[in-house]
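Per chain, numbering begins at 1; letters A, B, ... match sequence-line order.
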Amino acid sequence: MAVIWRGNTQDRLYQDTISSGGGNSHKHKDKYKDKEHKHKDHKKDREREKSKYGNSDHKEFSEKKHREKERIKHEDVSTDRHKDKHKEKDHRKDESGLFIRCLFLFFRTEFKPKKIKIENDRVDKKAKKRKQDEVQRRLMRSLFLVKDIKPKKTQKNKKGEVADGKKKAKKEPEEKWKWWEEERATDGSKWRFLEHKGPVMAAPYEPLPSKVRFFYDGKQMKLGPEAEEVATFFAKMLDHEYTTKDAFRKNFFKDWRKEMTSEEKSKITDLKKCNFNEMGEYFKAQSEARKAMTKDDKLKIKVENERLLQEYGFCIMDNHKERIANFRIEPPGLFRGRGDHPKMGMLKRRIRPEDIIINCSKDSKHPKPPPGTKWKELRHDNKVTWLVSWTENIQGSIKYIMLNPSSRIKGEKDWQKYETARNLKKCVDRLRNQYREDWKSKEMRIRQRAVALYFIDKLALRAGNEKEEGESADTVGCCSLRVEHINLYPEKDGQEFVVEFDFLGKDSIRYYNKVPVEKRVFKNLQLFMENKQPEDDLFDRLNTSILNKHLQELMDGLTAKVFRTYNASITLQQQLKELTSPDENLPAKILSYNRANRAVAILCNHQRAPPKTFEKSMQNLQTKIDAKKDQLSDAKRDVKSAKADLKVRRDEKSKKAVETKKKAVERLEEQLMKLEVQATDREENKQIALGTSKLNYLDPRISVAWCKKWGIPIEKIYNKTQREKFAWAIDMAEDDYEF
DNA sequence: AGTACGACTTAGGAGTTAGAGG
DNA sequence: CCTCTAACTCCTAAGTCGTACT
């Protein structure tokens with residue numbers, strides 16, 4: 001079974017390693033029989049309905065278009081893009097923190113980071129960098145002129161950047177809009193005015209040069225453009241292990257054949273006989289060539305990208321120019337699901353303008369479809385935040401183009417999320433008492449609800465919606481846990497009532513954990529598992545909808561995922577309090593921050609694949625360690641012989657010699673320990689991803705407050721993008737902010 | 001209560017870039 | 001200066017949750 005089966009962090013941090021694995025092959029077939037059909041028919045009906053009524057009943061907005069436009073402040077999000085590059089130099093090297101909890105204490109006292117490198121050095125580099133930048137900018141400008149790009153905003157911005165980005169670094173553009181100081185709409189509308197240029201369509205297919213051949217069964221064969229395009233998708237993935245998987249090959253071949261002419265179809269009947277190697281080589285060569293391009297050519301591409309960004313990357317929403325997140329339509333390709341996805345390898349088809357729904361203000365300048373095409377629909381729905389949508393062909397789900405996280409519309413929502421989590425903080429004790437009471441309930445469903453909630457709270461599990469079997473990888477969350485995903489141990493490793501979790505969660509990331517639970521929980525679990533098969537639901541009287549309905553009654557806005565946010569943020573706050581010591585220097589403090597962050601990442605089970613070069617860099621480190629060990633044993637031998645000398649001579653000189661040698665040993669021991677610690681550290685960080693929690697779970701105001709309290713520059717914690725996303729928090733949080 | 005859908009958040013990996021080290 | 005690596009950005013898959021409907 002080909003599942004992403006990474007060893008789990010918790011596993012290695014807190015417990016003995018286990019070597020379980022194994023697939024889950026269970027079937028709930030009856031339950032889902034015929035679902036697919038119904039599903040699809042239904043969808044079609046709805047679609048028909050929609051196009052019938054789509055445009056009819058939208059309110060007119062009173063604002064006059066031009067007046068709106070006049071008031072637009074041209075805050076240009078991208079202007080200072082490159083500006084503080086110099087400042088960006090962070091101290092990643094010092095970030096390497098140890099995680100293991102038992103080492104926390106030790107390190108707090110023992111770790112003395114090196115002084116950071118001298119400022120002088122940096123100033124020099126900065127100056128150098130600036131010079132380089134200036135050259136680049138000049139080039140950029142000349143390129144603009146050469147290419148005779150209409151000198152619209154883009155140009156101005158570019159020039160503006162050049163002008164004030166440099167010497168007068170002080171002169172910030174116009175001050176940023178502080179949406180968080182404004183009133184929020186209460187009527188459920190998301191905006192009043194929305195204007196944008198529509199999406200950037202995927203580049204059309206460029207047929208291969210005729211020298212690049214495809215062979216079937218050893219014989220060269222020219223493919224028609226449709227079949228050829230799909231073949232190139234496969235050829236591009238040739239050295240990815242996807243292409244060796246049965247499901248991938250099967251799905252690919254089936255969909256590929258659909259694109260073939262009847263002639264091709266009758267010839268090509270076996271994927272094994274297809275030879276895509278020349279195609280694969282061709283693409284490899286192409287990407288090599290791209291890497292080897294001259295600086296000028298690279299710059300041209302950069303400029304073109306920038307132009308596209310300026311033209312399509314922004315919209316106007318309620319008087320403000322806002323950055324769009326994904327303004328490009330997803331190009332066609334082969335579907336890459338995660339984990340053991342039944343649909344891997346299927347053809348993700350090209351999106352045409354006729355598939356695309358545009359959403360914007362009635363009174364805005366509507367985006368134009370490419371010449372000779374039209375949009376599927378033009379809609380004016382201000383109850384939603386998306387600008388563009390289309391239906392994807394693999395799962396039949398809808399994809400959207402929406403705004404950047406720095407936008408008002410995303411920021412408000414994010415802020416609100418943390419406020420809800422803070423509300424939970426106020427009543428979490430009450431809730432915890434409540435679910436503990438419910439463990440004793442006469443009703444099974446209440447007990448199940450209470451135990452599930454306990455897991456969600458204690459272990460930060462996801463809610464766990466039901467999924468349609470066969471539509472996606474077999475993964476679970478709390479409510480969808482099955483009996484096979486847990487093991488109960490009345491006693492294990494000296495602890496009582498241990499529950500062992502082992503399942504694949506979101507993105508097929510394995511969750512493995514052994515936790516001691518309260519006796520009552522344990523007994524309940526035994527009860528829930530009575531007379532069940534491994535593939536039966538653990539909580540058979542519960543689903544996310546029931547759970548969330550219950551939570552909603554306990555607190556306004558409360559849902560299962562709020563617990564994850566709450567527990568993540570509160571953990572960060574606590575850990576920061578615990579780990580930061582006032583007299584430490586800056587790198588040490590940042591180290592503490594990262595450790596706190598890491599604690600959260602572990603709680604939320606945020607993992608990453610070990611870096612590709614991980615083994616190698618580990619080996620290098622190990623070599624160093626071995627060398628150090630050799631040195632150490634040499635030094636120890638020296639001590640011995642010096643001692644022997646001393647015995648014979650008994651003079652001051654040899655006594656001193658012994659002392660020096662002993663010192664050397666001590667020094668080496670210390671160095672060795674540091675290296676070993678570094679190795680452990682790297683090993684621990686190997687598969688922990690800090691980014692996800694930082695971006696989605698940690699109230700940024702906690703970090704901002706911490707920075708202010710200890711005089712840490714915010715750039716050490718948040719990079720440019722993150723600072724843009726969390727601008728609201730950076731602006732509003734003071735050093736005494738309490739989550 | 002159950003189901004399906006739509007909208008939106010959360011997620012890890014691939015690709016790209018910058019900057020540290022050789 | 002060039003190469004190698006780590007960080008950052010982009011990409012899009014995979015979740016959550018509310019709502020409409022039955």
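No donor-acceptor pair closer than 3.5 Å links the side chain of A:W415 to the backbone N or O of A:K410.
Looking at heavy-atom distances under 4.0 Å, A:A463 makes contact with sugar-phosphate atoms alone, never a base. A:Y400 comes within 4.0 angstrom of a nucleotide base, judged by non-hydrogen atoms across all strands. Note on A:G477: nothing from the nucleic acid sits closer than 4.0 angstrom, heavy atoms only.
Rounded to a whole Å, the CG atom of A:L698 is 17 Å from the P atom of B:dT9.
Mapping A:I546 and A:K190 onto DNA chain B by nearest heavy atom places A:I546 closer to the 5' end of the strand. Between A:S545 and A:T385, the residue whose closest nucleotide on DNA chain B is further toward the 5' end is A:S545. Nearest-nucleotide positions on DNA chain C place A:I329 closer to the 5' end than the other of A:I329 and A:R462.
A:L309 places a side-chain heavy atom less than 4.5 Å from the side chain of A:R323.
Nearest to the side-chain atoms of A:K410 among the listed nucleotides C:dT12, B:dT9, B:dA7 stands B:dT9. Closest contact between the side chain of A:K348 and the listed nucleotides C:dA13, B:dC8, C:dT9 involves C:dA13.
The phosphate of B:dT10 (OP1 or OP2) has a side-chain N or O of A:K417 nearer than 4.0 angstrom. The side chain of A:S397 contributes no N or O atom lying less than 4.0 Å from OP1 or OP2 of C:dA14. The phosphate of C:dA14 has neither OP1 nor OP2 within less than 4.0 Å of any side-chain N or O from A:K467.
Note on ring orientation: taking the six-membered ring where Trp is involved, the planes of A:F248 and A:F234 are tilted (angle from 30° to 60°).
Sorted pairs that involve residues 549-565 of chain A and meet salt bridge (charged side-chain N to carboxylate O under 4.0 Å, His left out), not counting sequence neighbours, are lacking altogether.
Proximity of residues 548-564 of chain A to DNA chain B (heavy atom under 4.0 angstrom from any strand atom) is restricted to A:K561, A:R564.
Under 3.5 Å, the side chains of A:E306 and A:Q310 contain a donor-acceptor pair of N or O atoms.
When the ring pair (Phe, Tyr, Trp, His ring centres under 6.0 Å) test is applied to A:Y400, the partners found at least two apart in sequence or on another chain are A:W386.
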